[in-house]
Amino acid sequence: MNPTATLPATDEPINQFDLSGQYAAIGAEVRAAVERVLASQQLVLGQEGLALEKELAAFCGVAHGIGVASGTDALILALRAGNVYAGDEVLIPTLTFVATGSAVSALGARPVFADVDRATLNLDAADVRRRITPKTKAIIAVHLHGMAADMDPLRAITRERGIALIEDNAQAIGATYKGHRTGSLGDIACISFYPTKNLGAVGDGGMVVTNSAELDARLRTLRNHGQASRYISTEAGWNSRLDEIQAAVLRVKLRHLPAWQKARQANAAKYSKLLAGVKGIRTPVVPDGYEHVFHQYTIRCERRDALQNFLSERKIGSTIYYPLPLHLQPLYSSLGHKPGDFPNAEHVAGEILSLPMYPELSEEKIKRVAAAIADFAS
């Protein structure tokens with residue numbers, strides 16, 4: 001039995017995610033930022049948004065940032081900026097949140113699913129290559145759980161085909177791949193500021209980042225009703241603007257993000273050390289050349305459902321990201337997929353379990369979670 005299994009039990013719940021500690025630490029800064037916006041009465045497309053766009057673009061290592069209303073809108077607008085229209089095809093991983101697929105569907109395009117690598121849980125480039133057709137207009141690489149997809153082979157495919165490589169960077173802001181930060185690895189990258197993200201707003205919000213001045217200009221038009229100038233619309237667009245209060249709060253949080261990232265990585269290292277050698281438990285794989293930011297700390301267990309119930313009985317939260325791959329979702333039943341079509345994704349979807357993870361998570365709670373898992377395994 002793992003030695004941590006002898007730790008005394010406690011009835012205090014351990015949430016899978018908890019923002020209360022974060023707000024306790026930076027609440028005064030957040031309130032001051034909100035007051036600054038309210039005093040200015042510049043509430044949409046103002047100076048806070050412009051400043052955040054510059055600061056976050058610099059953080060990602062690119063030239064341009066375009067604030068939008070949500071991470072989903074970021075995907076939709078990025079696809080349209082990449083000239084994806086009705087009838088086109090877009091390659092995406094089948095193991096991802098539904099927004100990756102529904103953004104494609106929202107434009108009348110067809111999501112074409114690809115399998116994932118069993119070790120990293122990210123896109124399998126070899127499977128992507130097999131599924132490319134003349135109708136393929138883009139590939140969306142999802143950086144799942146806080147670690148980048150293997151981008152070099154995906155970039156090789158998009159360059160050969162002359163199609164767009166879009167990063168779904170909702171979960172991995174700050175992660176690196178071969179020395180370069182996510183957000184700078186494709187033609188366009190999409191960020192979500194949903195409150196649970198590593199950089200979360202106090203509501204919905206998103207951003208698209210890119211090195212292309214041409215894409216920057218088009219995205220600014222698309223997010224504001226297709227207006228290239230005031231009241232002159234050059235194409236159909238959206239009402240998708242990041243409001244000033246969200247931008248101001250995010251500017252506060254961006255200053256703290258590097259420290260929060262280090263805390264997540266330290267917590268992950270503690271988990272991995274405590275769970276090493278626990279029978280039936282696989283800890284996250286981080287290949288050489290990758291820096292994981294642990295939006296989620298996701299283990300694998302063949303008896304996953306039983307483990308989750310065991311933890312729940314001990315007031316320890318956990319979540320499955322994601323239990324049903326997109327090709328088996330009712331939304332996409334018309335595409336005709338069946339169990340067995342994407343074996344890697346289906347296999348890992350039955351094993352993955354994300355443990356409590358946030359920067360303020362105490363070592364005592366990490367030990368309690370690890371002890372409970374060791375108890376289950378023994």
Side-chain angles (χ1 to χ4, degrees), residues 2 4-5 7 13-19 21-22 95-97 116-122 142-149 169-176 182 192 194-200 257-287 290-305 307-308 310-312 314-323 348-377:
N2 188 303
T4 60
L7 289 171
I14 303 176
N15 296 325
Q16 202 265 329
F17 180 73
D18 192 339
L19 280 169
Q22 180 187 108
L95 188 66
T96 182
F97 182 56
V116 297
D117 179 87
R118 284 202 186 192
T120 67
L121 311 182
N122 280 321
V142 177
H143 304 317
L144 194 67
H145 296 162
M147 189 174 76
N169 197 26
Q171 298 184 6
I173 186 168
T176 63
T182 56
S192 170
Y194 188 72
T196 60
K197 296 299 191 286
N198 289 20
L199 179 63
L257 184 60
W260 293 341
Q261 178 174 312
K262 289 180 181 178
R264 285 176 177 273
Q265 291 167 331
N267 289 343
K270 292 171 187 174
Y271 270 132
S272 292
K273 183 177 180 180
L274 290 166
L275 294 173
V278 176
K279 185 178 180 181
I281 302 298
R282 298 183 188 179
T283 55
V285 171
V286 184
Y290 293 71
E291 182 182 9
H292 200 313
V293 294
F294 294 98
H295 173 60
Q296 303 296 335
Y297 184 88
T298 302
I299 62 170
R300 291 172 57 187
C301 176
E302 290 182 3
R303 299 166 58 209
R304 188 268 314 283
D305 293 345
L307 173 59
Q308 185 174 38
F310 186 89
L311 295 176
S312 179
R314 285 150 184 78
K315 300 183 180 180
I316 296 171
S318 62
T319 307
I320 303 167
Y321 299 108
Y322 297 96
V348 299
E351 295 185 340
I352 51 179
L353 187 66
S354 294
L355 303 181
M357 172 54 75
Y358 43 94
E360 300 80 13
L361 185 65
S362 69
E363 184 170 4
E364 183 275 329
K365 289 182 178 178
I366 293 171
K367 287 181 177 179
R368 184 178 147 205
V369 174
I373 294 171
D375 279 343
F376 172 83

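Nothing fancy with the numbering, it's 1 onward along the sequence. Everything quoted here is computed from the prediction, not taken from an experiment.
- Shown here are the salt bridge (Lys or Arg N to Asp or Glu O under 4.0 Å) partners of E360, two or more places apart in sequence or in another chain: there are none.
- With sequence neighbours excluded, no residue forms a ring pair (Phe, Tyr, Trp, His ring centres under 6.0 Å) with Y358.
- Enclosure of atom OH in Y194 is not indicated, since only 12 or fewer non-hydrogen atoms of other residues, nucleotides or ligands lie within 6.0 angstrom.
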Side chain to side chain contact (heavy atoms under 4.5 Å, CB included) between I320 and L353, worked out: CA-CA 5 Å; I320 303 167; L353 187 66; 4.0 Å; yes

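- Taken from OH in Y322 to CG in L95, the straight-line distance is 8.5 Å, to the nearest 0.5 Å.
- Rounded to the nearest 0.5 angstrom, L361 CG and L355 CG are separated by 10.0 Å.
- Taking the six-membered ring for Trp and thresholds of 30 and 60 degrees, H145 and Y321 have ring planes more than 60 degrees apart, a perpendicular arrangement.
- E291 meets the salt bridge (Lys or Arg N to Asp or Glu O under 4.0 Å) test with no other residue; sequence neighbours excluded.
- Taken to the nearest 0.5 Å, the CD1 atom of I316 stands 5.0 Å off from the CD1 atom of I14.
- A salt bridge links E363 and K367; the closest N-O separation between the charged side-chain nitrogens and carboxylate oxygens is under 4.0 Å.
- With hydrogens and angles disregarded, no donor-acceptor distance shorter than 3.5 Å links the side chain of R264 to the backbone of W260.
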Worked check of side chain to side chain contact (heavy atoms under 4.5 Å, CB included) between I173 and V293: CA-CA 8 Å; I173 186 168; V293 294; 6.0 Å; no

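- Inter-residue side-chain proximity for V369 and Y271 is flagged as met; some heavy-atom pair is nearer than 4.5 Å.
- For the pair N267/F294, no side-chain contact is recorded, criterion being any heavy-atom separation below 4.5 Å from C-beta on.
- In this structure, F310 and D375 have side chains that are in contact, with non-hydrogen atoms separated by less than 4.5 Å.
- In terms of heavy-atom proximity, P287 sits nearest to T120 at CG-CG2, 4.0 Å.
- Between the OG atom in S272 and the CD1 atom in I281 there is a gap of 12.0 Å [rounded to 0.5 Å].
- Under the 4.5 Å side-chain criterion, counting only non-hydrogen atoms from C-beta, I299 is in contact with L307.
- Residues Q22 and P359 are not in side-chain contact: their nearest non-hydrogen atoms beyond the backbone lie 4.5 Å or more apart.
- With sequence neighbours excluded, no residue forms a ring pair (Phe, Tyr, Trp, His ring centres under 6.0 Å) with H295.
- Residues P195 and F17 approach most closely at O-CZ, 4.1 Å, considering heavy atoms.
- Residues passing the salt bridge (Lys or Arg N to Asp or Glu O under 4.0 Å) test with R304, sequence neighbours excluded: none.
- Of the inter-residue distances, the one linking Q296 atom CD with S318 atom OG reads 10.5 Å to the nearest 0.5 angstrom.
- Looking at L144 and T298, their side chains never come closer than 4.5 Å, going by heavy atoms from C-beta outward.
- Here the CG-CG distance, from D117 to N122, works out to 8.0 Å after rounding to the nearest 0.5 Å.
- Of all the heavy atoms in A175 and G146, the pair that sits closest is CB-O, 3.5 Å.
- Partner of E351 under the side chain to side chain donor-acceptor pair (under 3.5 Å) criterion, out of R300, R282, R303, R118: R300 alone.
- N169 contributes no side-chain N or O that, together with a main-chain N or O of H143, makes up a donor-acceptor pair within less than 3.5 Å.
- Looking at every heavy atom in both residues, A370 comes nearest to L274 through CB-CB, 3.6 Å.
- Listed for the S312 side chain is no donor-acceptor partner under 3.5 Å among the backbone atoms of Q308.
- Side-chain contact annotation: Y297 with T283, donor-acceptor N/O pair under 3.5 Å absent.
- Residues forming a salt bridge (Lys or Arg N to Asp or Glu O under 4.0 Å) with K365 (at least two apart in sequence, or on another chain): E12.
- Within a 6.0 Å sphere centred on OH of Y290, other residues, nucleotides and ligands contribute more than 12 heavy atoms.
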